[in-house]
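Take a look at the structure below.
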Amino acid sequence: MSANAVEIRGITKRFRDKVAVSNVDLAIRAGSLCGFLGPNGAGKTTTIRMIMSIFYPDRGSISVLGKPSAIESKDRIGYLPEERGVYKKMKVGEFLTYMGRLKNLPSHGLDQKVRAWLDRMSLGEVYKKKCEELSKGMQQKVQFIAAVIHEPELIILDEPFSGLDPVNRRLLRTLIDEQNAAGRTVIFSTHAMFEAEQLCDHLFMINKGVKVLDQTIDDVWRTHDPRSVIIEPIESGPVDEGLIQSIPGVIGVTPAPRGAEVRMDESADPSRVMGELSSRLRLRRVELKRPSLEDIFISLVGADATPEGMAAYAERELVET
Amino acid sequence: MNRTFIVAIREYIATVATKGFMLGVLLPPVIMLAVFPLMQVLMNQKSPKVTGTIAVIDHSGVVAPKLAKAFEPDAQRERQKAKIERRKQAMGSVNVPVAGLDPEQMRKQQEAAVEMMTVESDIRLEPLPPTSDVEKEKEAILASVGREKDLDGTDKRLALLVVPAEAVKGGADGKYTPYQSFVAPKLDAEVQGDIEREARRAIIDARLEGANFDSKQIRTLMAEPEAKSVAVTKDGDRGTNRMAAIFVPMGFMMLLWISVFTAGQYLLTSLIEEKSSRVMELLLSAVSPLQLMVGKIVGQLGVGLTILGLYAGAGLATLIVFKQAHLLDPVMLGYLAIYFIIAFFTVAALMAAIGSAVSDIREAQSLMAPVMIVLMVPMMLWLPIQRNPNSIFAQVCSFLPPLSPFAMILRLSGSEKVPFWQVPASIAVGIGSVVVLCWAAAKIFRVGVLMYGKPPSLLGLIKWIKYA
């Protein structure tokens, strides 16, 4: 078996005249936990559907778990679609048993498995309830069970965190982590940057159908090297900008709430600058400003965080979709 | 177990094990079976006996005694008996054999019906003095309305007859004046007829006797001669077969139509449910679109067969109970099964294509309209085809794909022999069209199941076939 759970080479998919995914290459190492980022309409779901062989690429090839198509290894893949639904009139227990049977699980022992999973999700009491009686978050948890009940080697989750409250987000995070710890490859697409930061060991991002990021999380932080320091003086009042400017490597100071942000040039060594800062000023706090994934996301999709930039971004998005 | 089969089983259970199915499909035949004995009970309800008095104010003095004689208990009974006899004979002369019912059994039933229809009455005459006040006597009728007995415990008054002397003797201008009859508003029509007939009779007899004629003799002379008519037919059984020829094909076609369409409708709604509830993609992560479509169709095939079995079974049971099973050719049941399969897959392929292409039931309606029109045609075929099972029209319909199974079932269960080669030929045409339709449906299904938004037109659907 190849070391990659999923390998995508140069896939392109267009719907009528709109290119949804353009010439994307991707390699997902077996056993990794991958975050798949991108703005709305970037082509994430289309890519995932192509991995699942629900859509077929117009060009390029995909190999999933060593097979040329997911159809040949459907039982080894767990999938939580973005467009999720349940049979409204079916009972939760029956629904999960049915999904398990469709995933080729033997009917013997399946019921215990379903009950165990429901208990795990603190949904033990809904076994006999109809799916339509569940809240949206509960339904989502049921669907997650349907995706993992057959212990697949590859788990693909399309926006698993959307619509969940903080408690359930944490529960889902734990479960995803657990699945990955058990040696399973997990890919999830998300807008939830916090979860992506917390969970992933690898990130890729597409924008307008084109891949714009494909790195391990460590590389992401390394590439997006911090170039500014946040300071907070003990005394309130304006900081002495001239004093800070005199430190070698400092190229600018901007006031920030309760302090200032100090920008450095490319050559400056952040730890030296921080040392200088704390020796010259009485500071309560001095820290490197690490860009959040959100900042990286926004810089990569080309929208700046000002209201005007957001409006321009939204407008572009509207035209494209 | 094969995934297609798992899908089929779920589809079957999800359809059959619902209140809607039980009520909509199982209840109608049960109700029908329950209505038969109920109707028998209702028909056996004899109308209640009419008892009461008729008051007569007779100014002529000769009519009341004659009427009194006519309403003596014996005379009344005699008249009723004669009436029943007359009616029985009338029934017998128009004896239409219904769907091969046993003639002897039918005659008995008819006689029972006649006896049931004839109202028994026990009426007494109450002569009033000619000086009585008409208005006051009329009140007695009103007072007794809605009561079993009159207020003072005597029989209630049903009618008041006022016979003027001129009704018997003639007026100054030589004309006879009419007599008056006041009756209770809810008096049985038959009883009222009897009273008025007897009053007329009594008056005429009085006139005849007044002119010195023998009223009895004259009545005998005036009796109208009756004709005993017998319809001339080639063979006595002809009528029986004719009725069977009309209704047996109808029954077969309705069986086919109802089972095929109910199952087809279920297929459509269950597909739309999967699409609109977005469970589709979850399913597609486990099964291929083709497996899903075939599984669903097979599940609904089971539903259709269940309906067919239930209805055909109920029909057969009815025929056996009424000792009419000889009307059915067992070979027909075989044909019914074969043509059911063909008709079902034709309709199922259409429904699968439409159901996969739309996002909700409202969108389905616009696509369904043309399909429904085509599928209603079999209902209109019944009359022309049963009348002439081997006409060019019937033969053409037998080879037109969506109509073929219906037309063939109508012709085969009809009275005329269908050229045998047409049976395998129409089956071949049916299977061929089913294969083509299912292939096209599979293509549309693959494109359609994950497509949301504006539903395509029929032409759009055809484009999808090429696109997939």
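Naming: A, B, ... by sequence-line order, numbering from 1 per chain.
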So B:L283 and A:Y98, do their side chains get closer than 4.5 Å, heavy atoms only? yes
Would you call B:E281 and A:R49 a salt bridge, taking side-chain N to carboxylate O under 4.0 Å as the test? yes
May I ask you to name which of B:P289, B:A14, B:A286 has the most heavy-atom pairs under 4.5 Å with chain A? B:A286
Over all atoms of both residues, closest heavy-atom pair of B:L282 and A:M99: O-CE, 3.7 Å
Interatomic spacing from CD1 in B:I6 to CG in A:N104 - rounded to 0.5 Å: 7.0 Å
Any side-chain heavy atom of B:R10 within less than 4.5 Å of one from A:R101? no
Looking at B:S277 and A:V86, what are the two nearest heavy atoms and their distance? OG-O, 3.4 Å
When you look at B:E273 and A:Y87, which way does the side chain to side chain donor-acceptor pair (under 3.5 Å) test go after all the steps? CA-CA 8 Å; B:E273 192 218 326; A:Y87 282 110; over 6 Å; no
Looking at side-chain heavy atoms only, is the closest gap between A:Y79 and B:L284 below 4.5 Å? no
Any donor and acceptor pair, going by atom type alone, linking the side chain of A:K74 with main-chain N or O of B:S285 inside 3.5 Å? no
Pair A:D75, B:R3 - check side-chain contact (heavy atoms from CB on, under 4.5 Å), show working. CA-CA 11 Å; A:D75 300 340; B:R3 261 166 253 228; 2.7 Å; yes
